[in-house]
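What follows is one structure encoded as structure tokens, with my remarks underneath.
We use all heavy atoms of the structure for the numbers below, so side chains are in, but hydrogens, waters and symmetry mates are not. Each chain gets a letter, A, B and so on, in the order its sequence line appears, and its residues count up from 1.
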Amino acid sequence: QLQLQESGPGLVKPSETLSLTCTVSGGSISSSSYYWGWIRQPPGKGLEWIGSIYYSGSTYYNPSLKSRVTISVDTSKNQFSLKLSSVTAADTAVYYCARGIRGSNLDYWGQGTLVTVSS
Amino acid sequence: DIQMTQSPSTLSASVGDRVTITCRASQSISSWLAWYQQKPGKAPKLLIYKASSLESGVPSRFSGSGSGTEFTLTISSLQPDDFATYYCQQYNSYSPSFTFGPGTKVDIK
């Protein structure tokens, strides 16, 4: 059974960079059949796609966040990562990592991790 | 960019009710639409993909329909476990980018 687990600091200061890692177990990240994505959800609000990556390293970002987002993949560790720079309180959210089927929808999600931006 | 809307934003219903949620896209997305269920404190769970295909393990009381710009999620007989928030999501076949609808909360009447 595929599992995804987010990890990283739960508290980040304003103007700093948020860094999260998603560790994939029960399957290989190195498959051309899938992509890997980050989605966030501010408290009490809806879901927002942040960006996606293929194991080859090809990335796709939400235009509204593109200038601040970097997503990378480490196939040797079966992990992919998110960096979001210059954070503000508006970036406080539960951050989810997920797997998507190439040309299709997301099918597996991590449990999510709350990141709070505060001094 | 494709925008997604959902109606209603909140729906109050009773166990056994037939429930319908509508999702509209700002331009045609063919059948590239998924529905997710989310309960408080949990990750979203895939219910329907490609507008009408039921994900494995999802009860048959859930069904999806539509194409182009208008889609519906129907729960034929609402069960206690179904009280949750439902999101539609548009995706496409050529890049892993997508947009979610704002969500519909189904609560107890």
- Query: Cluster question for you: counting only ILVMFWY and a side-chain heavy-atom cut-off of under 4.5 Å, with indirect links fine, are A:Tyr108 and A:Leu47 together?
  - Reply: no
- Task: Could you grab the distance from atom OG of B:Ser56 to atom CG of A:Asp107, nearest 0.5 Å is fine?
- Result: 11.5 Å
- Item | Transitive ILVMFWY side-chain link A:Tyr95 to A:Trp36, under 4.5 Å | yes
- Message: Hydrophobic cluster membership, with links at side-chain heavy-atom distances under 4.5 Å among I/L/V/M/F/W/Y: are B:Val58 and B:Tyr36 in one?
- Response: no
- Query: Counting only heavy atoms not in B:Lys39, do more than 12 fall under 6.0 Å of its NZ?
  - Reply: yes
- Note on the structure: Closest non-hydrogen atoms of A:Gly46 and B:Tyr87, given as atom of the first, atom of the second and distance, are CA-OH, 3.7 Å
- Query: When only pairs under 4.5 Å are counted, which of A:Ile53, A:Ile101, A:Leu114, A:Ile39 shares the most heavy-atom pairs with chain B?
  - Reply: A:Ile39
- Item | Minimal non-hydrogen separation, A:Gly110 against B:Ala43, with atom names | O-CB, 3.2 Å
- Which heavy-atom pair separates B:Phe100 from A:Leu106 by the least distance, and what is that distance? CZ-CD1, 4.2 Å
- Task: Tell me whether A:Leu20 is reachable from A:Ile50 by hopping between hydrophobic residues (I, L, V, M, F, W, Y) whose side-chain heavy atoms are closer than 4.5 Å.
- Result: yes
- Note on the structure: Interatomic distance, OH@A:Tyr60 vs OG@B:Ser97, rounded to 0.5 Å, equals 8.5 Å
- Item | Separation between OH of B:Tyr91 and CG of A:Asn105, rounded to the nearest 0.5 Å | 4.5 Å
- Test side chain to side chain contact (heavy atoms under 4.5 Å, CB included) on B:Leu46 and A:Trp109 and set out the steps. CA-CA 9 Å; B:Leu46 177 65; A:Trp109 295 63; 5.7 Å; no
- Message: Contact between B:Pro44 and A:Tyr96 at the side-chain level, heavy atoms closer than 4.5 Å - yes or no?
- Response: yes
- Task: Drop me the distance from A:Asn62's CG to B:Thr99's OG1, to the nearest 0.5 angstrom.
- Result: 7.5 Å
- Message: Return the OG to OH distance between B:Ser95 and A:Tyr54, rounded to the nearest 0.5 Å.
- Response: 7.0 Å
- Query: Is there a path of hydrophobic side-chain contacts, each under 4.5 Å between heavy atoms of I, L, V, M, F, W or Y residues, that connects B:Met4 with B:Tyr49?
  - Reply: no
- Is the closest side-chain heavy-atom distance between A:Gln41 and B:Gln38 below 4.5 Å? yes
- Note on the structure: Under 4.5 Å to a heavy atom of chain A? For B:Pro40 that would be neither
- B:Phe98 portion near chain A, given a 4.5 angstrom heavy-atom threshold: both
- Query: Of all heavy-atom pairs between A:Ser52 and B:Pro96, which one has the smallest distance, and what is that distance?
  - Reply: OG-O, 2.7 Å
